[in-house]
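Since this is a predicted model, take the numbers as computed values, not measurements. Chain identifiers are assigned alphabetically (A, B, ...) following the order of the sequence lines, protein sequences preceding nucleic acid strands; residue numbering begins at 1 within each chain.
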Amino acid sequence: MATGVSVTPEVAWSARGTTPKEIAAALSRLAGDRDGGRPLAYAPARVLNLVTVVERARRDELVERLERLGRLHTSRTFVCVISDGERRDLDAFATMSCELPSHPGGLAVCRERVEIELGRGQLSRLESILDPLLVGDVPTVVWSPGHREAVDAMLAAAQVVLVDSGEQPDPAAALVRAAELAHEAQVVDLAWLRTTPWRERLAAAFDPPAQRDMLARIDCVTVRHEPAAASSGLLLVGWLCAQLGWAGRGRLAGDRGGSITGSADGPENQVELRLEPVDGQSAPGLAGVTVGGPGGSLSLDRGRGGLAARERRPDGRERAWTAIGASRGEPGILADGLRAALSDDLAYGPALRSAAVMLAA
Amino acid sequence: MATVQENPLSVGLEHLPIDPTTLVIFGATGDLARRKLLPAIYNLAHEGSLPAHFEMIGVARRELGDDGFRDYAGEAIERFSRRAPDAEVLRALLERVRYVSGSLDDATTYGRVAELAAELEAGAGVATNRIFYLATAPGLFEPAIGGLGGAGLARPERSQARVVVEKPFGHDLDSARALNQAVLDVFEERQVFRIDHYLGKETVQNMLVLRFANGIFEPLWNRSYVDHVQITAAEDIGIGSRAGYYDNAGALRDIAQNHLLQLLTLLCMEPPVSLAPDEVRNEKVKVLHAIRPPHPEEVADMAVRGQYHGGTVAGEEVPGYLEEEGVRAGSHTESYVAVKLFVENWRWAGVPFYLRAGKRLARQSTEIAVTLKPVPHLAFQGPDAAGAAPNQLVLSVQPNEGVSLSLVAKVPGARIQIRPVNMEFLYGASFLSQSPEAYERLIVDTMRGQATLFTRRDEVEAAWAIFDPILRAWAGDAAPPTAYRAGSDGPEDAARLLERGASWRRV
């Protein structure tokens with residue numbers, strides 16, 4: 001039976017004009033106040049710290065995204081809200097909630113959220129403000145939608161940077177920025193994670209040995225994407241180039257219609273590459289992909305209950321099927337991003353480098 | 001360019017490609033299918049983990065038809081899935097579901113399955129592996145195997161066929177051997193997946209990681225440092241509606257012979273060369289072979305059986321075993337078993353392994369507790385040192401999946417008082433992901449042909465060989481099992497198995 005998550009009522013603390021030391025002391029007190037009258041055993045979550053930094057105008061949007069993560073909470077989440085004007089101290093509030101066990105004798109797992117309002121001038125000192133508040137010995141992930149300075153300030157304390165290349169208006173610049181960050185920390189890119197089902201389905205389609213031989217004869221790739229999601233399309237093309245050995249020889253350029261076209265040298269063919277924006281799709285990310293070779297092609301498009309697949313074989317026969325799977329939605333992709341922060345992704349780096357190289361060519 | 005022998009597009013993917021598969025569930029309207037298999041298949045579909053070409057055929061006696069079975073499966077998924085189903089995904093999955101009504105004693109049933117499987121394969125246009133999942137009563141395993149062989153379903157020309165056999169795999173050594181022979185008359189061993197769903201649990205798989213990816217434990221993992229081991233599978237529930245099965249099986253056959261021995265082998269095995277199926281299973285079988293089955297005259301000293309009487313569990317009055325619906329009057333079936341075993345090899349000689357399983361105990365708890373030997377000399381003397389206790393490493397399978405290590409520490413204050421404290425690792429607190437159901441993992445492994453988490457023929461027979469003398473001794477014993485009160489930790493008589501002043505951990 002599907003079950004929801006029940007949590008204890010939050011215990012909370014707030015202060016104006018406070019300091020990191022006072023916030024740390026308050027978190028300790030919250031841990032002591034957490035039972036809310038319930039005789040439970042508690043365990044603090046020991047997963048990761050998530051540091052988010054956002055302009056005041058985008059605070060509610062970010063908090064809503066975090067709340068839609070459901071049970072996939074981190075150990076300690078920081079929401080750092082940048083306010084205009086100079087200031088030397090901090091306003092803060094902290095909450096602790098505990099997920100109730102679903103069985104007798106279980107432990108309640110507790111997580112904290114700390115919201116800190118700080119001035120723009122304090123951003124350069126963000127790492128020293130947050131460092132005393134980070135849960136020790138777990139990874140720290142920094143996520144600052146649209147705020148580069150905050151990411152740079154936190155790089156000394158963070159092991160993982162969460163980015164969304166799809167949020168940048170210039171996809172080429174977004175990928176270059178991600179590549180730069182990858183020299184400093186592990187990068188988890190939500191634009192890349194939006195390509196996961198497409199990559200899995202392409203891998204599956206070419207997995208039978210007879211189909212695998214076709215990989216060397218691919219001569220065209222067309223990626224259809226929501227207009228703002230060109231970076232996902234570029235990463236998908238970069239992935240194909242890197243995994244199939246086309247990297248370093250291709251080149252991509254945009255045209256006035258928003259399409260990006262180019263070519264790469266495959267082992268047996270020149271591969272025509274095309275990224276096409278598609279209007280009318282509400283979800284960010286890809287809309288479809290077609291991979292073609294001599295006389296045949298495979299297309300994947302968004303469909304009901306999964307991806308709609310259509311294969312045309314060199315002998316003229318066609319097959320269509322649904323590659324079943326639920327849409328993760330943006331909350332699911334963000335949750336995947338946090339999970340990805342705890343593991344290595346062997347394919348992202350090569351895909352990113354290939355895409356960046358082709359855009360620079 | 002990567003070679004065509006490998007799929008370069010698979011690098012780094014969480015859901016690796018799976019060959020086209022038709023899954024045939026025999027016993028498709030039974031309790032296992034309804035509560036576990038159908039929800040597990042839905043969840044695999046939800047996560048995009050099923051093969052691109054996936055079809056399912058339900059087979060059962062009930063007259064349902066395709067649409068009737070789709071309704072049945074949809075209701076089962078709605079009720080028992082660990083996540084609320086997505087309507088579009090469920091619809092897409094159920095479109096892949098077909099149904100064959102028929103008796104497993106009837107050869108024509110298998111002929112119709114073969115025809116339908118061939119029709120589905122032709123429709124897909126690709127060679128399709130076939131998995132035959134026997135989710136039936138144990139008495140139907142052999143007829144089903146024979147039927148599959150008779151219909152030519154066991155050896156397809158263009159693809160793979162695999163058969164999944166649920167527990168109990170036999171009810172003693174002789175019947176297990178006979179069933180193995182019947183299965184292997186039709187299938188090759190590499191095609192046979194004997195399922196023990198405990199092996200699909202995250203914590204159980206984590207035992208391999210804990211032992212073989214952490215340097216801290218290996219130096220201690222032997223007779224020089226381990227005093228004894230307790231493996232417990234305690235349930236607070238009774239037999240529910242399973243009297244027909246349980247009263248003929250009992251706790252030893254139901255839990256100890258399979259689940260508990262599997263835990264023991266993972267705990268005791270030597271490091272495998274790799275996680276390849278036979279590398280792991282070879283090491284597990286060596287452990288089972290190192291356990292000497294008791295002589296008949298030793299059984300009383302090595303095993304205790306019990307049966308619950310009425311009592312109180314979690315504040316509710318519950319009936320005794322003999323008052324449960326469907327239990328034979330005067331049944332001697334044990335609802336509790338405790339066994340002492342020795343793994344007689346270089347690493348473990350002389351270390352007692354205590355296994356116990358029971359129903360209607362104080363609470364649900366499955367765990368492995370490894371108790372280390374006490375320090376050779378304790379400098380802290382007197383009453384303040386009374387809290388000193390040997391270190392224990394506890395691997396908890398349920399309800400809290402995790403690992404804890406008990407240490408002793410100084411109580412804050414002017415005196416040096418000592419008491420035990422725990423270092424804990426909890427899955428729920430340390431990872432973001434919700435653990436998949438064991439059946440989800442095992443179904444995927446079956447589709448991938450990955451048999452590491454399934455038991456091999458010699459493993460099953462070696463496990464039965466250990467307990468066969470106990471079963472025979474109990475069968476010839478006119479005395480009833482020792483009574484224990486429902487809601488207790490089991491019969492007090494079980495304490496006599498323990499050596500060197502050890503005591504059972506609280507359930």
Side-chain angles (χ1 to χ4, degrees), chain A residues 1-3 43-48 71-75 99 101-107 109-110 196-197 199-209 212-213 215-216 239-240 243-245 267 303-306 309 317 319 321-327 335 338-339 342 344-348, chain B residues 1-2 4-20 45-54 78-93 95-96 124-127 236 314 363-365 398-400 402 424-426 428-434:
Chain A
M1 178 73 179
T3 54
R46 301 282 299 169
V47 184
L48 52 81
R71 63 172 291 153
L72 294 171
H73 289 293
T74 61
S75 305
E99 186 180 317
S102 58
H103 40 70
L107 288 160
V109 178
C110 301
T196 303
R199 288 183 284 121
E200 289 180 346
R201 298 315 183 189
L202 286 170
F206 288 101
D207 196 59
R212 219 172 293 171
D213 293 341
L215 287 171
W239 169 71
L240 285 168
Q243 299 308 128
L244 298 178
R304 299 178 71 183
R317 286 186 298 163
R319 291 191 303 147
W321 69 93
T322 299
I324 303 175
S327 169
L338 294 177
R339 276 193 287 266
L342 300 172
D344 292 329
D345 186 332
L346 300 175
Y348 173 66
Chain B
M1 171 69 184
V4 292
Q5 283 76 33
E6 297 169 357
N7 181 351
L9 301 184
S10 294
V11 174
L13 294 179
E14 183 174 348
H15 299 132
L16 294 171
I18 301 175
D19 291 338
H46 187 104
E47 292 172 356
S49 299
L50 291 178
H53 297 287
F54 175 82
E78 295 272 2
R79 181 165 177 199
F80 294 109
S81 168
R82 66 183 166 90
R83 59 157 64 90
D86 175 291
E88 291 294 341
V89 173
L90 183 57
R91 181 193 55 77
L93 174 65
E95 283 177 359
R96 309 283 184 87
V126 291
D236 54 0
R363 66 178 193 161
Q364 182 196 30
S365 170
Q398 56 190 8
N400 296 311
E424 303 220 40
F425 151 67
L426 285 167
S430 299
F431 292 105
L432 290 162
S433 307
Q434 185 183 9

>> Applying side chain to side chain contact (heavy atoms under 4.5 Å, CB included) to A/Thr322 and B/Arg96, what does each step give before you reach the verdict?
In response: CA-CA 10 Å; A/Thr322 299; B/Arg96 309 283 184 87; 4.0 Å; yes

> Which bit of B/Leu50 is near chain A, if near means a heavy-atom gap under 4.5 Å: side chain, backbone, both or neither?
Replying inline: backbone

> Does the side chain of A/Asp207 come within less than 4.5 Å of B/Leu9's, by heavy atoms?
Replying inline: no

>> Nearest 0.5 angstrom please: A/Ile324 CD1 to B/Asp86 CG, how far?
In response: 11.0 Å

> Looking at A/Ala203, A/Pro197, A/Gly303, which makes the most heavy-atom pairs under 4.5 Å with chain B?
Replying inline: A/Ala203

>> Using only atom types and a distance under 3.5 Å, with no angle test, would you say the side chain of A/Gln243 pairs donor to acceptor with the backbone of B/Pro8?
In response: yes

>> If you count heavy-atom pairs within less than 4.5 Å of chain A, which of B/Glu47, B/Glu14, B/His53, B/Gln398 leads?
In response: B/His53

> Of all of B/Ala87, B/Ala124, B/Ala127, B/Pro20, which one pairs up most often with chain A through heavy atoms under 4.5 Å apart?
Replying inline: B/Ala124

>> Could you report the tightest heavy-atom contact between B/Pro17 and A/Ala204, atom names first, then the distance?
In response: CB-CA, 3.7 Å

> Measuring heavy-atom distances to chain B, does A/Arg201 have an atom under 4.5 Å in its side chain, in its backbone, in both, or in neither?
Replying inline: side chain

> Atom NE2 in B/His15, atom CZ in A/Arg199: separation rounded to 0.5 Å?
Replying inline: 12.0 Å

> Are any non-hydrogen side-chain atoms of B/Val126 and A/Arg319 less than 4.5 angstrom apart?
Replying inline: yes

